[in-house]
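Report on the following structure.
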Amino acid sequence: MGAKYWLVKSEPSVYSISDLSKEKTKTTYWDGVRNYQARNFIRDDMKIGDLVLYYHSNDEPLGVAGYCEIVRESYPDFTAQISDNPHFDPKSTSENPIWYMVDIKLIKIFKKVVGIADMKENPKLQAMRLLQRGNRLSVIPVSEQEFHEILMMAGE
DNA sequence: GCCAACGTTGGC
DNA sequence: GCCAACGTTGGC
């Protein structure tokens, strides 16, 4: 059985949760993942209805800004085959696309971002992979308890 | 801006 | 198959 809860990272300067909220259907394709471990989660384990924490990295305030739902399961990330796309990968072909994406739909923007410093101080979140030293994965499985704890911290 | 951690690449 | 060099991530 795969995970049902996830966390994805995005740099707000590239694509923020408020950008997502401005989409007509509040839905976007989650493109640009170019790491095999993260790709495997996307391709093999993310299922429709799974819930996804939306984490803002590399910009203040650092933390979980809201959450989404997976509304389409994995399909080839076509941006890998567009030569002037920042995520272009010449090894990706129609026959062997290598990289995959899912569609996510915004459910909720938190009134206040759940900050990484507060998360680190929460004993219930000590095992979160996001908080481990050297962590760089942009797609991370989250336990049900961790997911609900973060919603609590957000006042949801 | 700094730098530690990590993944990937490429020479051998 | 090893490993040094390099590029990227991302918190501080």
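Proteins come first, then strands; the chains are lettered A, B, ... in the order of their sequence lines, and each starts at number 1. Remember, it's a predicted structure, so these values are computed and weren't measured experimentally.
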Answer yes when A:Lys124 and A:Glu146 have at least one side-chain N-carboxylate O distance shorter than 4.0 Å, and no when they do not.
no
Are any of the side-chain nitrogens in A:Asp77 or A:Arg34 under 4.0 Å away from the carboxylate oxygens of its partner?
yes
Donor-acceptor pair, distance only, cut-off 3.5 Å: does the side chain of A:Arg39 make one with the backbone of A:Tyr100?
no
Of the listed nucleotides [options], the one nearest the side chain of [X]:
X: A:Lys9; options: B:dT9, C:dG10, C:dC12; result: C:dG10
X: A:Ile116; options: B:dT9, C:dG11, B:dG7; result: C:dG11
X: A:Asn58; options: B:dG7, C:dT9, B:dT9; result: C:dT9
X: A:Lys120; options: B:dT9, C:dC12, C:dG10; result: C:dC12

Taking atom types as modelled, find out whether A:Trp30 and A:Asp103 have a side-chain donor-acceptor pair closer than 3.5 angstrom.
no
Let me know the distance between [atom1] of [X] and [atom2] of [N], rounded to the nearest Å.
X: A:Asn35; N: C:dG10; atom1: CG; atom2: P; value: 10 Å
X: A:Trp99; N: B:dT8; atom1: CH2; atom2: P; value: 7 Å
X: A:Arg129; N: C:dG10; atom1: CZ; atom2: P; value: 13 Å
X: A:Leu131; N: C:dG10; atom1: CG; atom2: P; value: 13 Å
X: A:Leu130; N: C:dG11; atom1: CG; atom2: P; value: 8 Å
X: A:Met128; N: C:dG11; atom1: CE; atom2: P; value: 12 Å

Would you say a side-chain N or O of A:Tyr55 is under 4.0 Å from OP1 or OP2 of C:dT9?
no
If you compare all heavy atoms of A:Trp99 against all heavy atoms of A:Val33, which two are closest, and at what distance to 0.1 Å?
CE3-O, 3.5 Å
Take the angle between the ring planes of A:Phe147 and A:Tyr5 and call it parallel below 30°, perpendicular above 60°, tilted in between.
tilted
Measure all distances between protein nitrogen or oxygen atoms and nitrogen or oxygen atoms of nucleotides 2-5 of chain B, and list the pairs falling under 3.5 Å.
residue, atom, partner, partner atom, Å
B:dA4, O3', A:Arg133, NH2, 3.1
B:dA5, OP1, A:Arg133, NE, 2.8
B:dA5, OP1, A:Arg133, NH2, 2.3
B:dA5, N3, A:Arg136, NH1, 3.3

Residues within residues 77-86 of chain A bordering DNA chain B, heavy-atom distance below 4.0 Å:
none
Face-on cation placement of A:Arg72 at A:Tyr75 ring, 6.0 Å and 45° thresholds
yes
Determine whether A:Leu106 and A:Ile48 fall in the same hydrophobic cluster, where Ile, Leu, Val, Met, Phe, Trp and Tyr are linked whenever their side-chain heavy atoms lie under 4.5 Å apart.
no
Side chain to side chain contact (heavy atoms under 4.5 Å, CB included), paired with A:Leu62, selected from A:Val114, A:Val113, A:Ile116:
A:Ile116
